[in-house]
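Just so we're on the same page: letters track the sequence lines, and every chain starts at 1. Every heavy atom of this structure was used, including side-chain atoms; hydrogens, water molecules and symmetry mates were not.
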Amino acid sequence: MLSSLTGVLDSSPEMLALFIGFGLVVGLLFGFFGMGGSFLVTPALLMLGYPASVAVGSGMAFVFGTAVIATLKHHDLGQVDYKLGAIMIAGTTVGIEVGRASVFYLEELGLAGGIISVVYVFLLGGIGLMITREALSGDGDGGGIDHEAAADEDLSDYEIPDIAKRIQQTVRIPPMVTLRGDVRVSVWVITAVAFSTGVLSGFLGVGGGFIRMPAMIYAIGVPTPVAVGTDLFEIVFSGGIGSYLYGQSGGVDLGIVAPLLFGSALGARIGSAATAVVDADDIKVYFGGMLLAGSVAVGIGEIGSYLGNETLELVGLVLVIGSAVVVAAAIVFTTLRSLRATRSRASPAAE
Amino acid sequence: MAGLEIPTWDPQTAMLIGSILLEAVLLYVGYAGLERVVGPRLMKLLVGGARDAQ
C-alpha cells in the first residue's frame, strides 16, 4: 500500500499532468457517448512503454474506478437490474480470469504487447468503421445517452429486438429468470454473454461495455437504460476482481490510475451534462473517426516498436491522444455554441 | 502465473483496490459539491447565465 502511494508521489509532474489531462478527455468521451473512453487507455500506456500486464491491469483498475462513479449515478436513476448484474458477475469473472491468464502466458512468450496491439487495431478499426458508417448514413440513435430522459420512459414500453425474441423462444434451458421490463430468459444465455465479454475485458483491460451493452440488448432483450446501468454495476464487481488479480501480480500502478481517475471523474460530469444540450449525431462521426485514428495509431506504434523506431512510436502516441483530444474539444465547443445560441434566442424574447 | 488463479486474500492488494474505490467515491461526492458551488458562476462566465441556457 505504502509503496503504491509513493508510486503516485514518485511520478514526475509532467506525467501526472499528462495522466490527469488524458483522464479528463477520456471521462468526457465516456460521459457523453456512454462508452469508448477506456479502450484508449491501455494502448496509450503500451505506447508509453509500460509492460503489457501493467498497461492492461492499470487500464482495468481505471475502468473499475470509473464504473463505481457512473453506477452511483445510475443507481439514483433506478436503471440497475441487480438480479441480472449478479448473474453476469459470475460469468464475467471467470471470463476475465481466462483473459488475464492469456496475457501472462503471452507475456512469458514475449508476445503479449504485440498481440494485444494487433487485437486493438482490429477492434478499434472495426467499431470505428461501424460507427462512422452509421453516422454518415444518418440512421444512428443519437449515440449520446441522455440519462434523465431515459429514466422517465416506462421500461415495458421498450420493444425487444427480433433476434432477442428468437433467442428467448429457442433457448429455454432452465433455470429461467424474469428481468426488469418483463424479460424472461435462460440463465445460460446470460452466462454465455457474460463469459465471452469477460474474456475480452481480461485480455484488453477494458470494461467491455461497447460489446456487453449491445449483447445485453440484442441477445438478452434488456431495455437500453437497464443495459447501461446494469453493465456499469457489473463492471464494478468484475473490474474490481480483475484489478485485484492484476494487482496481486504487480499489474496495477496507482501512479497511473489515481491521476487518470482524478481527471476522468470531472470529465464524465461535463460529458454527461453535455448530452442534455448537444445532439450526439452531430459529433458521432468524429467519434468513429477517433476510433479509426486510434486503430491506425496503435498500428504505427507497433511497427515503430518492432523496427525500434522511436519517431514512429511517438507519432502513434500523439495520434491516439490527439484524436481523443480533438473529439473532446468538439463536444465542449459544440455544447458552448449551443448554449450561447439558446441564450441569444432567449434574450430578444425576454426583451 | 500464466494459469487460471483463484483469488487469495492479500491485504496489500486489497488496500490498493480499496484506495481506488475510496478515491472514486470521494471524487463523486467532491465533484458534485464543487459543481453546486462553482457551476452557476462558471456557466455565467462561459455563456452569460445558467438560467438562460436551460
Quiz item: Do the side chain of A/Gln248 and the main chain of B/Thr8 share a donor and acceptor less than 3.5 angstrom apart?
Solution: yes

Practice problem: Could you grab the distance from atom CD of B/Glu35 to atom CG of A/Leu266, nearest 0.5 Å is fine? | Solution: 9.0 Å

Quiz item: For the atom pair CG (B/Leu16) and OG (A/Ser243), what is the distance rounded to the nearest 0.5 Å?
Solution: 8.5 Å

Practice problem: Indicate the atoms forming the closest heavy-atom contact of B/Ala24 with A/Ile69, along with that distance. | Solution: O-CG1, 3.4 Å

Quiz item: Of all heavy-atom pairs between A/Gly65 and B/Ile20, which one has the smallest distance, and what is that distance?
Solution: CA-CG2, 4.2 Å

Practice problem: Can you measure from OH (A/Tyr244) to CD1 (B/Ile17) and round to the nearest 0.5 angstrom? | Solution: 9.0 Å

Self-check item: B/Tyr31 side-chain N/O to A/Phe262 backbone N/O, donor-acceptor pair under 3.5 Å
Solution: yes

Quiz item: Roughly how far apart are A/Thr66 OG1 and B/Leu27 CG, rounded to 0.5 Å?
Solution: 10.0 Å

Quiz prompt | Nearest heavy-atom neighbours spanning B/Ala32 and A/Arg269 | solution = CB-NH2, 3.3 Å

